[in-house]
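Basis for what follows: all heavy atoms, side chains included, without hydrogens, waters or symmetry-related copies. Along the sequence shown, the residues carry numbers beginning at 1.
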Amino acid sequence: MKKAKLIAFILALVFLVQIPFEVFASGGVKSPFKDATYAQQSRMASYTVKHGVDISHHNGDVNFAKIKKAGVDFVIMRVGYRGYGSKGSVCPDNKFEDYYKEAREQGLEIGVYFYSQAISTAEAKEEADYTLKRIKGLSMDLPVYFDYEFAGVSDGRLDYRWRNGTLTKKKMTANAKAFCSRVTEKGYVAGIYASTDFLHNVLNYDQLDDAYSIWDAHYTNYSSDLKMYRATTYKGNYQMWQYSAKGRIKGAMDSTYVDCNFLYVEPMQAMMSSKLKVSDIKERTYTGEIIKPAVSVKYDDIKLIKGEDYYLTYKNCTNIGTAKVIVTFVNDYSCYPAITKTFKIVPTKVKDLIMIDRTETSVTVKWDKHDDATKYRVQVLDGEKYKTVANTKNTEYTITDLEPSSNITVRVAAVKVKNSVNYVGRYSTPLVTTANPGKVVDLRKTSKNTDSIRLKWKEQSGASYFKVYEYNFSTKKYEYLAKTKHNYYTAKNLKINSKHRYRVRAYKIDESEKLLKGEYSKSLTTYTSPAAPTITLAKSYSKEHITVKWKKVNSASGYKITYSTSKTFAKNNKTVTVSDKATVKTIIKNLKSKKNYYVRIRAYKLQGKTKIYSKYSKTLSATVK
C-alpha cells in the first residue's frame with residue numbers, strides 16, 4: 001500500500017476511535033457545559049462536532065486553561081459592537097486583545113464576531129472595516145461573523161425601523177451581504193450569526209447560506225419523547241449552532257453562564273485531507289486571455305507531481321473577478337477530495353497619471369481611461385501609508401484642503417465592481433507634485449528708522465523663498481528689491497522722511513525643479529521717519545514755567561514735546577505740539593512749583609493728514625521755580 005493511502009487509512013481508524021459512538025448512534029450530542037443532550041438534524045450525521053463558547057467583555061476575566069480542560073475546542077470572541085441608540089456609535093470590546101492572546105496561548109481555535117445594529121450597507125461596511133482593523137495581523141481559525149439581531153427594545157434603531165417598514169427583508173439582507181463581502185475581500189471567511197426566526201423571517205437566508213458560513217442561534221425545548229432537547233429547525237445550510245446561553249464552566253470566568261455552541265466539522269474524508277497543502281495564488285492582472293497560474297501541492301513534506309498525482313482545472317480565469325484553480329487528486333491520492341484555490345484577476349495598472357492644474361490649496365490630477373473599470377480609487381500618501389481620498393467614475397480628480405507649497409504624493413488604481421466585490425488593480429506609479437505657494441498676507445511694518453524700514457508677513461512653511469518688490473513712483477511700476485528665505489526683510493539706506501510702497505510674493509521650487517509662484521500680497525505704503533531733534537535746553541526761569549529749546553530739523557512739519565514728573569514717563573504725561581516747523585523754542589506753562597520735570601521732544605512730518613514721527617530726543621530735566 002502506498003504511503004499516502006496507508007496514512008489515510010490509519011487516520012480514518014484513529015478518527016473513528018476518537019468519536020464517541022453514542023453521539024451519532026443515539027442521534028444526539030451531549031453538551032460538556034450542561035447536563036443535557038441535544039438532538040441533531042439527520043443531515044448532520046456524517047459530521048463530527050466540536051464544542052465551543054462565544055464570549056464578550058460581559059463574561060469578565062476568563063481562565064482559558066480551565067475552559068480548555070472543561071472541553072472547549074474553540075472560542076468565538078466579540079471585537080466590537082454598535083450601540084442600539086439613535087447615534088449608533090461603533091465601540092470596541094475592551095477584552096478582545098486579552099482574550100485573543102490567552103486563547104491562542106492555550107491552542108484554542110479562534111473566530112470573531114461584531115454585534116451589529118447597521119441600518120444601511122454603508123454602516124455594515126463601516127462595521128466590517130472596523131473589525132478588519134482590529135484583527136489585522138491576527139490569525140483566524142474560524143469565520144469573521146456578522147452578528148445581526150434586534151436589541152429587543154422599542155426604541156432600538158434596528159427594531160424601530162423594522163417595525164415601521166423603513167428596513168425590509170431585502171435591505172436587511174443587503175446589509176449582511178455588505179459586511180460579508182468586505183470581509184471576504186480581505187481574504188477571511190465571512191459568516192452570519194442570527195436566530196432561526198431572524199434567518200427565516202428577517203433575512204433572505206437562501207441568498208446567504210451558500211455564500212457565507214451560517215451560525216444559527218436556536219434555544220430549543222426539551223422533548224420527553226426523545227429524552228433530549230430538540231434539534232434546531234433552521235431550514236438552510238449551517239455550520240454552527242448556538243444551542244444554549246446557560247452553559248456553566250465552574251470557576252473559569254466571572255460570569256455565571258456562557259453561550260454554548262456546536263461546530264460541525266467536515267466529514268472524515270475531508271478531515272483526513274488536512275495533510276494536503278496547496279499553495280496560495282497571488283492576484284493576477286487582467287490580460288484578456290486565460291490565466292493559468294502554477295501551484296505547489298504537498299502531502300506533508302512530499303511534493304506531489306502534476307499529471308501523476310493530481311491535475312488542474314481552471315474556472316473563470318479570463319475576466320476580472322474571482323478565479324478558481326481546482327486540484328483533483330488521482331492514482332495513489334484519489335481518496336482525497338478536490339481542493340479549490342481562488343485568486344483575483346484585477347484591472348491593469350493605471351498609466352499616464354499627470355498633474356493638470358493646481359492652486360495654493362488644491363491639485364488636480366488626470367489619468368488614462370480603462371474600459372474595464374467601474375471606478376477609480378485615488379490615494380494620497382499620509383505619513384508612511386497611503387490613504388484613500390476618493391472613489392470616482394471620472395478620469396480626473398481634484399485633491400483639496402492642501403497647505404500652500406505642500407508636496408503631495410498621489411496614486412490611482414482602476415476598480416472593477418463585480419457581485420458587490422471590489423477588484424482593485426495595480427496602482428499607478430506614484431506622482432509627486434506640489435501645491436502653489438500661497439498669497440502673502442499680513443504684510444506690515446514692524447519698525448522704522450530715518451534710513452530703514454523693517455517688513456514682516458505671515459510665514460509659509462513650505463515656501464522656498466520670498467521676493468520683495470518696491471514701487472517706483474516715477475515709472476509707476478514695481479521693481480524687484482530683494483530675495484529672502486525668511487518672512488521678514490529690512491530695507492536699508494533710505495532717504496530721511498521718504499515715502500515707500502512694497503509688496504511680497506512667495507515662490508516654491510517643486511520636485512521637478514519647476515518654479516511655482518504665489519499671488520502678490522496687498523501693497524503696503526509706509527515712510528521713513530524724520531531725524532530726531534537735538535534738545536539743547538530745559539530750564540525754569542520764572543514761576544510755574546519751563547523754557548525748552550532744540551535744534552531745527554530740516555523737512556520737519558512740527559514738533560511734539562512730552563513732559564512728566566516720572567523719569568520713565570510712566571505716568572503724569574502731558575504734551576505740547578508746536579506746528580510751526582521754524583520754531584525751535586517753547587515755554588511750558590502752569591507747572592507745579594518746586595517739582596522736578598522731565599522733558600523730551602520728537603519731530604514729525606505731515607504726509608497728507610498723517611504725522612510721521614521721529615524718535616525722541618534725549619531727556620532733560622528741570623526744577624520749576
Problem set entry | Close side-chain approach of D368 and V350, heavy atoms under 4.5 Å | yes
Exercise. Do the side chain of S428 and the main chain of V412 share a donor and acceptor less than 3.5 angstrom apart?
Worked result: yes
Exercise. Quick one: does S405's side chain get under 4.5 Å of P437's, heavy atoms only?
Worked result: yes
For this session: Looking only at non-hydrogen atoms, find the nearest pair between K292 and I290 and report the distance.
Result: CE-CD1, 3.8 Å
For this session: Measure the NZ-NZ distance between K393 and K375 for me, rounded to the nearest 0.5 Å.
Result: 9.0 Å
Problem set entry | Side chain to side chain, I601 and I561, heavy atoms closer than 4.5 Å | yes
For this session: May I ask you to decide if T434's main-chain N or O and R358's side chain share a donor-acceptor pair within less than 3.5 Å?
Result: yes
Exercise. Looking at Y507, is K467 sitting on its ring face, NZ or CZ under 6.0 Å from the six-membered ring centre and within 45 degrees of the normal?
Worked result: yes
For this session: Answer whether the closest heavy-atom distance between the side chains of I535 and K618 falls below 4.5 Å.
Result: yes
For this session: Decide yes or no for R602 and R600: does some side-chain heavy atom of the first lie under 4.5 Å from some side-chain heavy atom of the second?
Result: no
Exercise. Of all heavy-atom pairs between V410 and L353, which one has the smallest distance, and what is that distance?
Worked result: O-CD2, 3.6 Å
Seminar exercise, completed: H486 and F466 have their tightest heavy-atom pair at O-CD1, 3.2 Å
Seminar exercise, completed: side-chain hydrogen bond (donor to acceptor under 3.5 Å, both in side chains) filter on S557, not counting sequence neighbours, yields none
For this session: Look at atom CG of D401 and say whether more than 12 heavy atoms of other residues, nucleotides or ligands are closer to it than 6.0 Å.
Result: no
Exercise. How close do M77 and A103 get, heavy atom to heavy atom, and via which atoms?
Worked result: CE-CB, 4.0 Å
Exercise. Could you walk me through whether S529 and T450 pass the side chain to side chain contact (heavy atoms under 4.5 Å, CB included) check?
Worked result: CA-CA 5 Å; S529 60; T450 57; 3.7 Å; yes
Problem set entry | Donor-acceptor side-chain pairing of T121 and N175 below 3.5 angstrom | no
Exercise. Salt-bridged, K369 to D371, with N to O below 4.0 Å?
Worked result: yes
Exercise. Okay, side chain of R157, backbone of G85: is any donor-acceptor separation there less than 3.5 Å?
Worked result: yes
For this session: Start with the C-alpha gap between F343 and C317, add the side-chain angles, then the distance that decides, and say whether side chain to side chain contact (heavy atoms under 4.5 Å, CB included) holds.
Result: CA-CA 9 Å; F343 66 98; C317 291; 4.1 Å; yes
Exercise. Can you find a pair of side-chain heavy atoms, one from R454 and one from Y488, that are under 4.5 Å apart?
Worked result: yes
For this session: Determine whether the side chains of T525 and R501 contain a donor N or O and an acceptor N or O closer than 3.5 Å.
Result: yes
Exercise. Within the side chain of H370, is there an N or O that forms a donor-acceptor pair under 3.5 Å with the backbone of T348?
Worked result: yes
Exercise. Below 4.0 angstrom, N of the basic side chain to O of the carboxylate: do K492 and D451 qualify?
Worked result: no
For this session: May I ask you to decide if V553's main-chain N or O and Y559's side chain share a donor-acceptor pair within less than 3.5 Å?
Result: yes
Problem set entry | K581 NZ to L606 CG distance, which is reported to the nearest 0.5 Å | 10.0 Å
For this session: Answer yes or no: are there more than 12 heavy-atom neighbours, outside K95 itself, under 6.0 Å from its atom NZ?
Result: yes
For this session: Could you verify whether a donor N or O on one side chain and an acceptor N or O on the other, from T173 and Q207, lie under 3.5 Å apart?
Result: no
For this session: Please say whether more than 12 non-hydrogen atoms of neighbouring residues, nucleotides or ligands are located less than 6.0 Å from NZ in K615.
Result: no
Problem set entry | Side chain S564, main chain K571, donor-acceptor under 3.5 Å | yes
For this session: To the nearest 0.5 angstrom, please state how far the CD1 atom of I453 sits from the OG1 atom of T490.
Result: 10.0 Å
Exercise. Would R503 and E519 count as a salt bridge (charged side-chain N to carboxylate O under 4.0 Å, His left out) if you check the C-alpha gap in whole Å, the side-chain angles of each, and the deciding distance to 0.1 Å?
Worked result: CA-CA 10 Å; R503 67 180 183 183; E519 291 185 46; over 6 Å; no
For this session: Report the residues that fulfil side-chain contact (heavy atoms from CB on, under 4.5 Å) with K315, sequence neighbours left out, ordered by chain and then residue number.
Result: K324, I326
Exercise. Rounded to the nearest 0.5 Å, how far apart are CD of E403 and CD of E360?
Worked result: 10.0 Å
Exercise. Would R82 count as a cation-pi partner of F114, with NZ or CZ less than 6.0 Å from the six-membered ring centre and within 45° of the ring normal?
Worked result: no
Problem set entry | Listed once per pair and sorted, the side chain to side chain donor-acceptor pair (under 3.5 Å) pairs that draw on residues 134-146, sequence neighbours left out | E97-R134, Y100-S139, R104-S139, R104-D141
Exercise. Checking S181 side chain against V421 main chain: does a donor-acceptor pair fall under 3.5 Å?
Worked result: no
Exercise. With a 3.5 Å cut-off and no angle check, do the side chains of Y520 and R505 form a donor-acceptor pair?
Worked result: yes
For this session: Carefully, step by step, assess Y188 and T131 under the rule side chain to side chain contact (heavy atoms under 4.5 Å, CB included).
Result: CA-CA 11 Å; Y188 294 94; T131 301; over 6 Å; no
Exercise. Is there a donor in the side chain of T322 and an acceptor in the side chain of Y423, or the other way round, less than 3.5 Å apart?
Worked result: yes
Exercise. Restricting to pairs with a member in residues 179-189, which pass salt bridge (Lys or Arg N to Asp or Glu O under 4.0 Å), not counting sequence neighbours?
Worked result: D129-R182
Problem set entry | Nearest heavy-atom neighbours spanning N422 and V417 | OD1-CG2, 3.1 Å
Exercise. So Y148 and F146, would you call those rings parallel, tilted or perpendicular, with 30° and 60° as cut-offs?
Worked result: tilted
Exercise. Can you tell me how far NZ of K341 sits from CG of L312, rounded to the nearest 0.5 angstrom?
Worked result: 12.5 Å
Exercise. Taking the side chain as C-beta and beyond, is there a heavy-atom pair between Y81 and Q117 under 4.5 Å?
Worked result: no
Exercise. Quick one: does K171's side chain have a donor or acceptor within less than 3.5 Å of a partner on T166's backbone?
Worked result: yes
Exercise. Is a salt bridge present between R444 and D442, judged by a nitrogen-to-oxygen distance below 4.0 Å?
Worked result: yes
Would you be so kind as to tabulate the donor-acceptor pairs closer than 3.5 Å made by side chains of residues 476-483, with sequence neighbours excluded?
{"unit_1": "E479", "atom_1": "OE2", "unit_2": "N472", "atom_2": "ND2", "d": "3.0"}
{"unit_1": "Y480", "atom_1": "OH", "unit_2": "K483", "atom_2": "N", "d": "3.2"}

For this session: Hey, could you give me the OG1/NZ distance between T526 and K499, rounded to the nearest 0.5 Å?
Result: 11.0 Å
For this session: Tell me, yes or no, whether the heavy-atom count around E105 atom CD, taken from other residues, nucleotides or ligands under 6.0 Å, exceeds 12.
Result: yes
Could you pull out every donor-acceptor pair under 3.5 Å between side chains of residues 455-463 and any protein atom, sequence neighbours left out?
{"unit_1": "Q460", "atom_1": "OE1", "unit_2": "G438", "atom_2": "N", "d": "2.9"}
{"unit_1": "Q460", "atom_1": "NE2", "unit_2": "G438", "atom_2": "O", "d": "2.8"}

Exercise. Passes side chain to side chain contact (heavy atoms under 4.5 Å, CB included), L167 versus I119? Steps please.
Worked result: CA-CA 7 Å; L167 280 176; I119 60 176; 4.1 Å; yes
For this session: Check A531 against A603 and note the closest heavy-atom contact, atom names and distance.
Result: O-CB, 4.0 Å
Exercise. Are any of the side-chain heavy atoms of K177 and L208 separated by less than 4.5 Å?
Worked result: yes
Exercise. Does the S56 side chain pair with the main chain of R78, one donor and one acceptor, at a distance under 3.5 Å?
Worked result: no
Exercise. Sub-3.5 Å donor-acceptor pair from the side chain of S464 to the main-chain atoms of I509, do we have one?
Worked result: yes
